[in-house]
Undergrad: 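Here you go, one structure.
When reading the values below, keep in mind they use all heavy atoms of this one structure, side chains included, and skip hydrogens, waters and symmetry mates. In this chain, residues are counted from 1 in sequence order.
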Amino acid sequence: MSSNPNHTLLFIPDISGFTDFVSNTEISHAKHIIEELLEAIIDANEIDLELSEIEGDAILFYRKGKAPTAEELLSQIKSMYINFHAQLKKYDKHRICNCGACLTANNLTLKFVAHYGEVLEKQVKDHSKLFGKEVIVAHRLLKNQIPSNEYGLFSEKLLSANSSWTNLNDTAWGEVNQAEEAYDSGIVKYSFMTLTPLRNEVPDPVLEDYTIDGVTQKIFESDAVIEAPLDLVFNVISDYTVRKEFQAGLKNIDQINHQIAQNGSEHRCIIQGTGIKPTILSHDFSFAQNQITFVESDFKRNASVIWSLKAMEGQKTKIEISNFIKPSFIKKLMFKILIKKKFEKLSRASWIKLNDYCKILLAENKQHPNEIVLPDHVIQ
């Protein structure tokens, strides 16, 4: 069987709970969380799998040629499973949003289906698509009677394609069971095992310390009153995809590592008219009654900006920024002589743009699209 050049491993990691997660939580944040989880699975590819397509909550991988050994495929499942759950743990540790999607992401689970058989490819413009009966069977196997949301399923055709699978019980980390399903294409037999024992091997996230030692010399500060409530102002300024719309002197922001603001979010600023492209790290978000603070630090750990937002009467927000560097008389003097006036001008222009943007949203009775749901105690 393995001598046929068209014989192919079909391997599908599938995120369980996806439909309910998307249907009953905030769509935008659910989408971003799922995308990051799918990337975590793809990044754990260790056996040269080819990616055929991403199908919402699942990824169809394939590998032509000889069937994988049991040791090889179980090791791949373990790697992807641990990467998936490590990403969930890290997200839960560093998140600042309290929306339904962010609060319930840890309920998502992962299962795997592995099948082997003759598969053909057809070219549709620049995209190669797998087709054939075995591709259909692999997808059908996702719909089964296994009483678990986290398992590895191995079809009989895969088990019989490599002799190593005859000793699956010796290789597996848990009990191996057999079952079969009746599909429109006929009876399909398979073996499966739970992935629950692997949960004990998922590492806890490291509590990262983003503070910068020695950045204590204040060189600039600016403030303004924005005619919008605290939560709206925070949603706007914490969304790096729109920062260029109100921050004067900023051409663009790219290389954003998290679409949902959280401790450890990174982005790269592209400053207008210069070759300067600093990478910025956001951290130390703090939420008190009617007040929010957070820090943005140069990734090279040379400078930082403290943002402070405070709710005022009349649905207004006092916003302040304070820029700090490591103590240096020369740098402070050069900033004062050469740069300070430009900073002041850019800040005034930025506050006006920010105020105008927020007022437009209020006039249209809209929230900013990328909304962070704050803890209950913040807005009183």
Undergrad: Think Lys122 forms a cation-pi with Phe131, using NZ or CZ under 6.0 Å from the six-ring centre and within 45 degrees of its axis?
TA: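 Geometry flag: set, cation within 6.0 Å and 45°.
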
Undergrad: Could you tell me whether the side chain of Glu266 reaches within less than 4.5 Å of the side chain of Ile280, counting heavy atoms only?
TA: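 The answer is no; the side chains never approach within 4.5 Å.
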
Undergrad: Compare all side-chain heavy atoms of Val305 with those of Val295 and state whether any distance is below 4.5 angstrom.
TA: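 Counting from C-beta outward, Val305 and Val295 never come under 4.5 Å.
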
Undergrad: Under a 3.5 Å cutoff, is there a donor and acceptor pairing between the side chains of Glu150 and His85?
TA: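 Glu150 vs His85: donor-acceptor pair found between side chains.
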
Undergrad: Give a yes or no on whether a salt bridge exists between Glu344 and Lys342, defined as a side-chain N under 4.0 angstrom from a carboxylate O.
TA: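 The answer is no: the pair does not qualify as a salt bridge.
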
Undergrad: Quick one, Ser282 with Tyr240, criterion side chain to side chain donor-acceptor pair (under 3.5 Å). Give me CA distance, side-chain angles, the key distance, then yes/no.
TA: CA-CA 10 Å; Ser282 301; Tyr240 304 112; 2.4 Å; yes

Undergrad: State whether Glu121 and Lys129 are salt-bridged, where the test is any N-O pair (Lys NZ or Arg NE/NH1/NH2 against Asp/Glu carboxylate O) under 4.0 Å.
TA: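 Not counted as a salt bridge, because no side-chain N and carboxylate O are separated by less than 4.0 Å.
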
Undergrad: With a 3.5 Å cut-off and no angle check, do the side chains of Gln259 and His29 form a donor-acceptor pair?
TA: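 The criterion, which ignores hydrogens and geometry beyond distance, is not satisfied for His29 and Gln259.
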
Undergrad: With hydrophobic residues grouped by side-chain heavy-atom distances under 4.5 Å, do Leu37 and Leu198 end up in a single group?
TA: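 Hydrophobic grouping puts Leu37 with Leu198.
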
Undergrad: Indicate whether the side chain of Asp254 and that of His267 have a donor and an acceptor atom separated by less than 3.5 Å.
TA: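 The criterion, which ignores hydrogens and geometry beyond distance, is not satisfied for His267 and Asp254.
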
Undergrad: Please tell me whether Phe112 and Phe11 form a close aromatic pair, meaning their ring centres lie under 6.0 Å apart.
TA: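 Ring centroids of Phe112 and Phe11 are less than 6.0 Å from each other.
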
Undergrad: Quick test of your reading of the model: are Asp204 and Lys93 salt-bridged, counting only N-O distances below 4.0 Å?
TA: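 Judged by the 4.0 Å cut-off on N to carboxylate O distance, Asp204 and Lys93 do not form a salt bridge.
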
Undergrad: Quick one, Arg140 with Asp184, criterion salt bridge (Lys or Arg N to Asp or Glu O under 4.0 Å). Give me CA distance, side-chain angles, the key distance, then yes/no.
TA: CA-CA 9 Å; Arg140 291 283 194 275; Asp184 50 5; 3.1 Å; yes

Undergrad: Could you see if Leu10 belongs to whatever hydrophobic cluster contains Ile15? Use Ile, Leu, Val, Met, Phe, Trp, Tyr and a side-chain cutoff under 4.5 Å.
TA: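 Each belongs to a different hydrophobic cluster.
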
Undergrad: Atom CZ of residue position Phe343 - does it have more than 12 heavy atoms of other residues, nucleotides or ligands inside 6.0 Å?
TA: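 Incorrect, the count does not exceed 12.
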
Undergrad: Tell me if the CZ atom of Phe299 is crowded by more than 12 foreign heavy atoms within 6.0 Å.
TA: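 It does not: Phe299 CZ has 12 such atoms or fewer within range.
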
Undergrad: For Asn45 and Asp48, work out which heavy atoms get closest and say how close.
TA: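 Looking at all heavy atoms of both residues, the closest pair is OD1-N, 3.5 Å.
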
Undergrad: Begin with the C-alpha distance, continue with both residues' side-chain angles, and end with the deciding distance and a verdict on salt bridge (Lys or Arg N to Asp or Glu O under 4.0 Å) for Lys133 and Glu118.
TA: CA-CA 8 Å; Lys133 175 186 174 182; Glu118 186 172 355; over 6 Å; no

Undergrad: Inspect the contact between Lys64 and Glu50 and indicate whether a charged nitrogen and a carboxylate oxygen are less than 4.0 angstrom apart.
TA: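 No, no charged N to carboxylate O under 4.0 Å.
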
Undergrad: When you look at His368 and Tyr357, which way does the side chain to side chain donor-acceptor pair (under 3.5 Å) test go after all the steps?
TA: CA-CA 10 Å; His368 180 67; Tyr357 178 80; 2.9 Å; yes

Undergrad: Could you go step by step and tell me if Tyr81 and Glu201 meet the side chain to side chain donor-acceptor pair (under 3.5 Å) rule?
TA: CA-CA 10 Å; Tyr81 181 88; Glu201 300 189 41; over 6 Å; no

Undergrad: Could you verify whether a donor N or O on one side chain and an acceptor N or O on the other, from Glu46 and Ser79, lie under 3.5 Å apart?
TA: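 Note: Glu46 and Ser79 side chains meet the donor-acceptor criterion.
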
Undergrad: May I ask you to check whether over 12 heavy atoms, not counting those of Asp170, lie within 6.0 Å of atom CG?
TA: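 Yes, CG of Asp170 has more than 12 neighbouring heavy atoms, counting only those of other groups under 6.0 Å.
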
Undergrad: Start with the C-alpha distance between Asn144 and Tyr183, add both sets of side-chain angles, then the distance that settles side chain to side chain donor-acceptor pair (under 3.5 Å), and finish with yes or no.
TA: CA-CA 10 Å; Asn144 55 62; Tyr183 300 117; 5.5 Å; no

Undergrad: Are Glu296 and Arg243 close enough for a salt bridge, meaning some N to O gap below 4.0 Å?
TA: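 A salt bridge is present here (some side-chain N lies under 4.0 Å from a carboxylate O).
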
Undergrad: Using distance alone, with no hydrogens and no angle criterion, decide if Trp307 and Ser322 have a side-chain donor and acceptor under 3.5 Å apart.
TA: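 On atom types as modelled, these side chains do not qualify, holding no pair under 3.5 Å.
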
Undergrad: Walk me through it: do Glu227 and Lys359 pass the test salt bridge (Lys or Arg N to Asp or Glu O under 4.0 Å)?
TA: CA-CA 7 Å; Glu227 299 171 89; Lys359 287 173 67 176; 3.6 Å; yes

Undergrad: Hydrophobic cluster membership, with links at side-chain heavy-atom distances under 4.5 Å among I/L/V/M/F/W/Y: are Phe287 and Leu309 in one?
TA: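 Yes.
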
Undergrad: For the residue pair Tyr116 / Glu134, report whether a side-chain donor-acceptor contact shorter than 3.5 Å exists.
TA: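 Side-chain D/A pair, Glu134 to Tyr116: absent.
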
Undergrad: With a 4.5 Å cut-off on side-chain heavy-atom distances among I, L, V, M, F, W and Y, is there a chain of contacts connecting Leu333 to Ile219?
TA: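 Yes, because Leu333 and Ile219 connect within a single hydrophobic cluster, where side-chain heavy atoms sit under 4.5 Å apart.
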
Undergrad: Evaluate the salt bridge (Lys or Arg N to Asp or Glu O under 4.0 Å) criterion for residues Glu313 and Lys316: first the C-alpha distance (whole Å), next the side-chain angles of each, then the deciding distance (0.1 Å), finally the verdict.
TA: CA-CA 6 Å; Glu313 291 184 1; Lys316 296 180 181 180; over 6 Å; no

Undergrad: Linking I/L/V/M/F/W/Y whenever any side-chain heavy atoms sit under 4.5 Å apart, do Ile42 and Ile12 land together?
TA: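 No; Ile12 is not reachable from Ile42 via cluster members.
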
Undergrad: So with a 6.0 Å cut-off around NZ of Lys353, is the heavy-atom count from everything else above 12?
TA: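 It does: Lys353 NZ has more than 12 such atoms within range.
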
